[in-house]
Engineer: 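Before anything else, here's the structure in question.
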Amino acid sequence: MTEAEDKSIDSASIKMIEKAATDGVNTAFDRAETMKPCPIGMVGNCCKHCGMGPCRVPLPKGKEETPAEKQKRRGICGATAETIAARNFIRMVAGGAAAHSDHGRGVAELFLAVAKGEAPGYKIKDEQKLLQLALDWGVKIGDRSNEEIAVDIGEIALAEFGKQEGEGLFVKRAPLKRQELWRRQGATPRGIDREIVEIMHRTHIGVDQDYRSLLRQGVRASLGDGWGGSMIATELQDILFGTPAPVLGKINLGVLKRDEVNLIIHGHEPLLSEMIVVAAQEPEMLELAKSKGANGINLAGMCCTANEILMRHGIPLAGNFLQQELAIVTGAVDAMVVDIQCIMQSLTTVAECYHTKVITTSPKAHIPGAVHIEFDEHNALESARAIVRTAIENFPNRRKNVDIPEEQTELIAGFSHETINYLLGGIYRASYRPLNDNIINGRIRGVAGVVGCNNARVKHNENHVAMVKELIKNDVLVLQTGCSAIASAEAELMVPEAAAKYAGEGLASVCEAVGIPPVLHLGSCVDNSRILVAATAMVKDGGLGDDISELPVAGAAPEWMSEKAISIGQYFVGSGVFTVFGVNWPTLGSDEVTKFLFEDFEDMYGGMWAFEPDPIKAAHLMIEHIDKKRKALGIDKARERVLYDMAMRREM
Ligand code: BF8
Ligand code: SF4
């Protein structure tokens, strides 16, 4: 195995890692080798919350630590390893919840501007979803126009972020039993801003010193993300830009074109990218491209923005988190426009070796060395045109070192909660009944959400693909978002044919009957809220218990790295889902905190965390949990019958 083959399972990426080495370009793959993690920080035991630190609290020496020895293992202020690990953990939740929710706020601001007619170029695309949300939130419909209704919705949505008292409005979407549990545990979120500020306050030196109480606030803030900020982002994006429906797309670095202007859209908010899609199709732009010697303008997405524009417009997807530098290494990217989150600062340095222009657009995210063209929502099309023009004008500057790998695969994306509903139940009888029935009769063993990032500490895409294959082989239907979805699509798991090739017989038979892949792409990371809505719909449809924690479901992020992943995992757990993370676990420096998250949480929330770096073992932890839930529901025998029938059919 070559050095590059050791870093990714994806052949396009391997080629570009090799090209980067030839071109003398330093990438995250190289830096992951030279940058060794601090062993104390890695397990959560380093505190730098005040100027007396950083305090690095060592792990206990040997198993049998005396109370006197434990006494000494503290920060200068007296904070114990438990307090430090819990504080660090919930600050990660705060960071992740803030990122998702501030994205949601941005969408709400644009939504309101559109409703007021102050954002030309945008309009409300999904009227049905607008009216549904109006009903949910008690907004008067009558004979009011969509815009009038949307003004009320936009104002309510914005007020949600700063809500000081009471419960977040989307809390009511959860099963009743779950809502009651949250109230009992003191975990019902108010406004997300308040929950995040409270985390920052509690984790300041000398405030909350009980890891249990710290972790409870972590759950509360994460729920304010999943059932608040992220859900607002998804709902309003759907109303504004259209609710995704299944669409055929193409994926991987091979979507870049040698003879066209390549413009990559990277980041998370679809606000600007929606307009770039419009601008790139304008005749003047195409003419300008021709005048520069290009045969057209090729848009491609990267990371979560890619998921958004793929689902709604079928725009090809160039890759996931660890492929962002590699896209530039092709030498064929004329511009990479970025907005917020998961954008490597090294992009501008990599770009220096080629001709690529990196364009930042968010007032919140500047990168030295990038061109800044600020996104102005009141004049979005003009911002988008300026960006497309910059890419076109840079086309003639391509250097000799262009090499685009040919790899690209097909995928079907766009499985929103609504489309799953229609696909399974039919347009006149939209429902989750067929899914629940197939779970009850055992053809589908359960459902898993496999989500999250790439992490340069492990081989690119390997854990995602191994885990997903193992799950579908065992008849578990997989729902995906974010970079994990991209990994599976690159491995050709998101096409209907994958069912016959990789899925167990039960799952394959259902997929073939409905015409869906065994692995469903639900969108970007804020769209993990769609998984919560889907799980709730399963509960409401009946036959699988009264709460999400009773469903035969599990969650995972086998290559996680971002704080957002921790927030997502925490709201899965807080919503009652068993969730397993790979790579490393950030509280291993405190046995008590880890035990609390992995074991005690099950009694408190019905869902709990686990850590397992081996993706196959992790998949089996999920399957065991699913089987445990099937047994508790009394549907374990049905599955045995299905398997027995299938074995008999094979023998016939
Ligand atoms: O929000 S999966 S690396 S791109 S954090 Fe980032 Fe992780 Fe990718 Fe999307 Ni999500
Ligand atoms: Fe050290 Fe306590 Fe300050 Fe943290 S808050 S750096 S543990 S003294």
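Numbers here are sequence positions counted from 1. Start at 1 and go down the list; that is how both ligands and their atoms are numbered.
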Engineer: Any chance you could measure T360, atom OG1, to I367, atom CD1, to the nearest 0.5 Å?
Structural biologist: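 Going from OG1 on T360 over to CD1 on I367, the span is 6.5 Å.
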Engineer: Please identify which atoms of ligand 1 are closer than 4.0 Å to at least one heavy atom of C483.
Structural biologist: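 Contacts of ligand 1 toward C483, numbered from 1: 2 (S), 3 (S), 4 (S), 8 (Fe).
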Engineer: Determine whether the side chain, the backbone, both or neither of R56 has a heavy atom under 4.0 Å from any heavy atom of ligand 2.
Structural biologist: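 Neither part.
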Engineer: Specify whether an N/O/S atom of C77 falls short of 2.8 Å from atom 1 (Fe) of ligand 2.
Structural biologist: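 Given the 2.8 Å cut-off, C77 does not count as a ligand of atom 1 (Fe) of ligand 2.
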Engineer: In Å, rounded to the nearest 0.5 Å, how long is the span from CG of N307 to NE2 of H268?
Structural biologist: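 Answer for the CG-NE2 pair, N307 versus H268, is 8.5 Å.
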Engineer: Within less than 2.8 Å of atom 6 (Fe) of ligand 1, any N, O or S from C303?
Structural biologist: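 No, since none of the N, O or S atoms of C303 sits under 2.8 Å from atom 6 (Fe) of ligand 1.
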Engineer: Looking only at heavy atoms, is any part of Q341 under 4.0 Å from ligand 1, and if so is it the side chain, the backbone, or both, or is it neither?
Structural biologist: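 It is neither part, as no heavy atom is under 4.0 Å.
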Engineer: Regarding ligand 1, does N454 bring an N or O atom to under 3.5 Å of one of the ligand's N or O atoms?
Structural biologist: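 So ligand 1 has no N or O lying under 3.5 Å from an N or O of N454.
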Engineer: Yes or no on side chain to side chain donor-acceptor pair (under 3.5 Å) for Q323 and N252, after CA distance, side-chain angles and deciding distance?
Structural biologist: CA-CA 9 Å; Q323 291 179 290; N252 215 339; 3.0 Å; yes
Engineer: Among all protein heavy atoms, pick out the one at the shortest distance from atom 4 (S) of ligand 1; state its residue, atom name and that distance to 0.1 Å.
Structural biologist: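 Result for atom 4 (S) of ligand 1: H268 NE2, 3.3 Å.
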Engineer: Can D10 and K459 be said to form a salt bridge (Lys or Arg N to Asp or Glu O under 4.0 Å), step by step?
Structural biologist: CA-CA 10 Å; D10 170 54; K459 196 170 182 173; over 6 Å; no
Engineer: Any idea which atoms of ligand 1 are less than 4.0 Å away from a heavy-atom of G452?
Structural biologist: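 That gives atoms 2 (S) of ligand 1.
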Engineer: With heavy-atom distances below 4.0 Å as the criterion, list the atoms of ligand 2 near G53.
Structural biologist: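 So the atoms of ligand 2 that pass are 6 (S).
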Engineer: Identify, for atom 4 (Fe) of ligand 2, the protein heavy atom at the shortest distance, and state residue, atom and that distance.
Structural biologist: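 Sorting protein heavy atoms by distance from atom 4 (Fe) of ligand 2 puts C47 SG, 2.3 Å first.
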Engineer: Looking only at non-hydrogen atoms, find the nearest pair between V580 and A618 and report the distance.
Structural biologist: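 Between these two residues, the closest heavy atoms are CG2-CB, 4.0 Å.
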Engineer: Can a donor-acceptor pair be found, under 3.5 Å and without considering hydrogens, that links the side chain of Q480 to the backbone of V450?
Structural biologist: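 Here the side-chain-to-backbone pair exists.
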Engineer: Which residue and non-hydrogen atom of the protein lie closest to atom 1 (Fe) of ligand 2, and at what distance in Å?
Structural biologist: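 Sorting protein heavy atoms by distance from atom 1 (Fe) of ligand 2 puts C55 SG, 2.3 Å first.
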Engineer: For ligand 1, which atoms, with element, lie under 4.0 Å from some heavy atom of C525?
Structural biologist: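 Matching atoms, with element in brackets: 1 (O), 2 (S), 9 (Fe), 10 (Ni).
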Engineer: Run the contact test for R87 against ligand 2 with a 4.0 Å cut-off on heavy atoms, strictly below, and give the result.
Structural biologist: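 In this structure, R87 qualifies as a contact of ligand 2 - some heavy atom is under 4.0 Å.
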Engineer: Go through it in stages, so that I can follow the logic: the residues are W227 and Y571, the test is ring-ring contact (aromatic ring centres under 6.0 Å, His included), and I'd like the CA-CA distance, side-chain angles, deciding distance and then a yes or no.
Structural biologist: CA-CA 8 Å; W227 297 88; Y571 72 63; 8.2 Å; no
Engineer: Under 4.0 Å from a heavy atom of S562: give me the atoms of ligand 1 that qualify, with their elements.
Structural biologist: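 Every atom of ligand 1 under 4.0 Å from some heavy atom of S562: 5 (S).
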Engineer: Counting each atom of ligand 1 from 1 as listed, which ones have a heavy atom of M561 under 4.0 Å away?
Structural biologist: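 Result: 3 (S).
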Engineer: What are the atoms of ligand 2, with element, lying closer than 4.0 Å to any heavy atom of G75?
Structural biologist: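 Answer for ligand 2: 7 (S).
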Engineer: Any chance you could measure Q71, atom CD, to T80, atom OG1, to the nearest 0.5 Å?
Structural biologist: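 Reported value, rounded in 0.5 Å steps: 10.0 Å.
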Engineer: In ligand 1, which numbered atoms sit nearer than 4.0 Å to a non-hydrogen atom of C304?
Structural biologist: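 Here the atoms of ligand 1 in question are 1 (O), 4 (S), 9 (Fe).
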Engineer: Side chain of K36, backbone of E33: donor and acceptor closer than 3.5 Å?
Structural biologist: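 Yes; at least one donor-acceptor contact below 3.5 Å.
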Engineer: What is the closest protein heavy atom to atom 3 (Fe) of ligand 2, and at what distance does it sit?
Structural biologist: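 Scanning the protein heavy atoms, the shortest distance from atom 3 (Fe) of ligand 2 goes to C50 SG, 2.4 Å.
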Engineer: Quick one: which of T481, D225, T234 gives a side-chain hydrogen bond (donor to acceptor under 3.5 Å, both in side chains) with N528?
Structural biologist: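 Result: among T481, D225, T234, T481 is the only option passing the side-chain hydrogen bond (donor to acceptor under 3.5 Å, both in side chains) with N528.
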Engineer: To the nearest 0.1 Å, how far is atom 7 (Fe) of ligand 1 from its closest protein heavy atom, and which atom is that?
Structural biologist: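 The closest heavy atom on the protein side is C453 SG, 2.5 Å.
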Engineer: Closest approach of V593 and A85, non-hydrogen atoms and distance?
Structural biologist: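 Closest approach of V593 to A85: CG2-CB, 4.4 Å.
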Engineer: Taking only heavy atoms of C342, which atoms of ligand 1 are found under 4.0 Å from at least one of them?
Structural biologist: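 This gives 3 (S), 4 (S), 5 (S), 6 (Fe) as the contact atoms.
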Engineer: Pick one: which of R220, R202, R216 meets salt bridge (Lys or Arg N to Asp or Glu O under 4.0 Å) with E195?
Structural biologist: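 Of the listed residues R220, R202, R216, the salt bridge (Lys or Arg N to Asp or Glu O under 4.0 Å) partner of E195 is R220.
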